[in-house]
Every structure is written in structure tokens, then in C-alpha cells.
K.L.:
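Before I ask anything, let me first share the structure, which is written out below as C-alpha cells.
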Amino acid sequence: MWGVIYVLPWLIGFVLFFFVPLLASLRYSMSTIQANAEGIAIQFTGFANYIQALTVNTSFNRALIESITDVLVNVPLIVIFSLFLAVILNQKFRGRAVARSIFFLPVILASGVIMSLESTSLIEAVNQNGTGGSAFGTLELEGLMLNAGVSEWIVTYLSGAVDRIYQIVSQSGVQILIFLAGIQTISPQLYEASKMEGATGYEAFWKITFPMVSPLIFVNAIYTIIDSFANNAMTKLIRDTGFVKFDFGLSSAMAWVYFVAIAIILVIVSIIFSKRVFYQD
């Protein structure tokens, strides 16, 4: 009873602000919606909006593929970068608190007016200028790795990571914080015992730190996927279709196809990670 009372505010909010609009959008996705003098006229059309989104609309498929590709590329980079930074920021050094604040600062700035400035004004020009300036360095990095015998697809992936460094850093604040909290919960006795047995820092990371934070790797992967899907070209297309072109039926159909794609990716990631996550008893 107390458990139900505790989650009751969330249940009420879920039903009123998520579940009811979810059913409404499903109804809209199978209808044409027109405003007239009497209000809103809804006419059932079946899967016509879905067919139009997938076969007629010229932007939907491209935006969907780009969004999924960005997630497949960015999520591993963000999770690995966040874990790497969390391990470094967990060390004892002067100015550690300031360093942690700096890496979390993009999370605070990535909202409201700063977010719009970043996407439409001077900051975008600076980013584009910086990307152009780093092209020569990226080519040097690619040549160095190719000459060292590294696989071509790995070189392409890593050079793409260099070009995406701004995006990776700006989207890693929450993940770094979660990893940092998880690392600090690991018992120091484990590291002391491994040190007494002659383990190096490299071995301690792979045998202690990495297994102990593997549940948080799972959590951060899911969070990063959802965060990456929440604000991109696909969501902009859905929003513009509904609130600029006022085609709410087509917009709802696009949103549901996008929702199903996200759900499939989340299920696949959950199955893969759930078999490899280590939970300490």
C-alpha cells in the first residue's frame, strides 16, 4: 500500500501527460485532421499516413537513417570517453573539483537561450571554423594509423570521432557524473588487495573497475541512446510537419515509426548488455 502511495504522483502524471497523449497520437497517425468552424474533424484513413511517410515524403527516410547512424557512431564514443574522463577525475590532484565542474558545464549550458545560440549563431560558425582547421590534423592521424597497420574502418571511425569531439564532450556531462559516482562506491580494499598481489593500474582497471561499473555502462548506454534521439534532425522534421505544415496525421505517423525504431534499438542493446553486465552480490 505504501509503495503504491509513493509512486501515485508519478502514475497520475504518466496517465494524464504521457499515456493519454500517446493513445491520441496513435489515433491521429491513422487519421486526417482538419480544423473547421465546429472544431477539429478527424477522419480515419488507416495506414495512409505511414505509407506517405515511408514512400512519399522525401525527407523522412533520410532523416531516420541519419539519426540511427549518428546514434550507432556517437553512443560508443560518448560512453568510452565518459568512462575515461571519470577514471581520470577520480584521481587525487589539485583543482579536481574545478575540473569536474568544467566537464559538467556543457550540461547546464545545453538548454534554453544558449542552446539556440549554439545552433543558429556565432558558436556554430566557430565550430565550423574549428572543424575546418582540424582537417589537416585528422589527415595526419589517419595516415599515421594506416601506416601502422590499423584497419581502415577503425581509422575512419576514430577520425570521425576527432571531428565529433565537440559533440562528444557536450553530451558526456551526465555520463561522467554517473561513472564518477559509481567508481567512488568501489571498495578501496579491492585495489589494496590487487596492489599487494602485484597488479598494475592497467590490470586493476580491467579486473576491478570495469566489471564493477559495467551496470553503469549499461545505464549510460541507454541514457545516451535516448538523449541522442531526443534532439536531432528527425525530431525537428516531426515538429515542423505538425506545427509548421499543420499535418498532424503525418507528423504522428512519423513519430510512431521513430518511436518503434528507438524501441527496437533499445531492446537489442538491452539484450546485448544484460548478458555481459556484472552484478556484485
Side-chain angles (χ1 to χ4, degrees), residues 69-107 141 145 148-151 153-229 262 265-281:
T69 303
D70 287 341
V71 167
L72 296 178
V73 173
N74 289 341
V75 170
L77 293 174
I78 292 173
V79 173
I80 294 172
F81 177 80
S82 302
L83 180 58
F84 176 74
L85 259 296
V87 171
I88 294 178
L89 294 175
N90 190 53
Q91 307 300 318
K92 294 182 179 179
F93 57 90
R94 184 175 298 178
R96 180 174 62 173
V98 176
R100 292 176 178 177
S101 302
I102 290 173
F103 281 102
F104 191 71
L105 195 61
V107 178
L141 179 63
M145 289 189 291
V150 181
S151 176
W153 74 270
I154 296 179
V155 173
T156 304
Y157 185 79
L158 294 178
S159 61
V162 174
D163 294 335
R164 296 167 181 260
I165 188 64
Y166 172 78
Q167 185 178 3
I168 294 172
V169 173
S170 63
Q171 295 181 357
S172 300
V174 174
Q175 293 87 332
I176 292 174
L177 191 65
I178 294 174
F179 276 133
L180 192 58
I183 292 173
Q184 291 176 349
T185 61
I186 300 175
S187 175
Q189 284 78 11
L190 295 176
Y191 293 103
E192 293 175 2
S194 67
K195 190 174 182 180
M196 292 177 63
E197 294 293 334
T200 63
Y202 179 82
E203 292 171 334
F205 172 80
W206 288 108
K207 300 297 183 180
I208 300 176
T209 306
F210 188 80
M212 296 294 284
V213 300
S214 58
L216 298 180
I217 296 176
F218 183 21
V219 171
N220 277 334
I222 297 298
Y223 171 81
T224 307
I225 291 172
I226 296 175
D227 185 55
S228 300
F229 275 126
I262 297 172
I265 293 176
L266 290 175
V267 169
I268 294 174
V269 171
S270 299
I271 293 173
I272 294 174
F273 273 89
S274 61
K275 297 180 179 179
R276 292 168 173 80
V277 172
F278 169 78
Y279 293 101
Q280 185 182 16
D281 295 332

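Note that the numbering runs from 1 along the sequence shown for the chain.
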K.L.:
Show me the donor-acceptor pairs within less than 3.5 Å that the side chains of residues 80-94 make with the rest of the protein, sequence neighbours left out.
P.N.:
| from | atom 1 | to | atom 2 | distance (Å) |
| --- | --- | --- | --- | --- |
| S82 | OG | I78 | O | 2.6 |
| Q91 | NE2 | V87 | O | 3.1 |

K.L.:
To the nearest 0.5 Å, what is the distance between CD1 on I265 and CD1 on I226?
P.N.:
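Nearest 0.5 Å value for the CD1-CD1 distance: 11.0 Å.
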
K.L.:
Evaluate the side chain to side chain contact (heavy atoms under 4.5 Å, CB included) criterion for residues Q175 and V79: first the C-alpha distance (whole Å), next the side-chain angles of each, then the deciding distance (0.1 Å), finally the verdict.
P.N.:
CA-CA 7 Å; Q175 293 87 332; V79 173; 5.7 Å; no

K.L.:
Please give me the minimum heavy-atom distance between F218 and V277, naming the atom from each residue.
P.N.:
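Closest heavy-atom pair between F218 and V277: CB-CG2, 4.0 Å.
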
K.L.:
Looking at L216 and G182, what are the two nearest heavy atoms and their distance?
P.N.:
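So the two residues come closest at CD1-CA, 3.3 Å.
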
K.L.:
Would you give me the side-chain donor-acceptor pairs under 3.5 Å for residues 207-214, sequence neighbours excluded?
P.N.:
| from | atom 1 | to | atom 2 | distance (Å) |
| --- | --- | --- | --- | --- |
| T209 | OG1 | Y191 | OH | 2.5 |
| S214 | OG | P211 | O | 2.7 |
| S214 | OG | F278 | N | 3.0 |
| S214 | OG | F278 | O | 3.4 |

K.L.:
For N220, run the side chain to side chain contact (heavy atoms under 4.5 Å, CB included) check against V75, I178, I225 and tell me which one passes.
P.N.:
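Single side chain to side chain contact (heavy atoms under 4.5 Å, CB included) partner of N220 among V75, I178, I225: I178.
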
K.L.:
Identify the two heavy atoms, one from P76 and one from V73, that lie closest to each other, and give their separation to 0.1 Å.
P.N.:
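For P76 and V73, the tightest heavy-atom pair comes out as CD-O, 3.6 Å.
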
K.L.:
Mind checking the OG-CG spacing from S172 to D227? Nearest 0.5 Å is all I need.
P.N.:
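It comes to 10.0 Å.
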
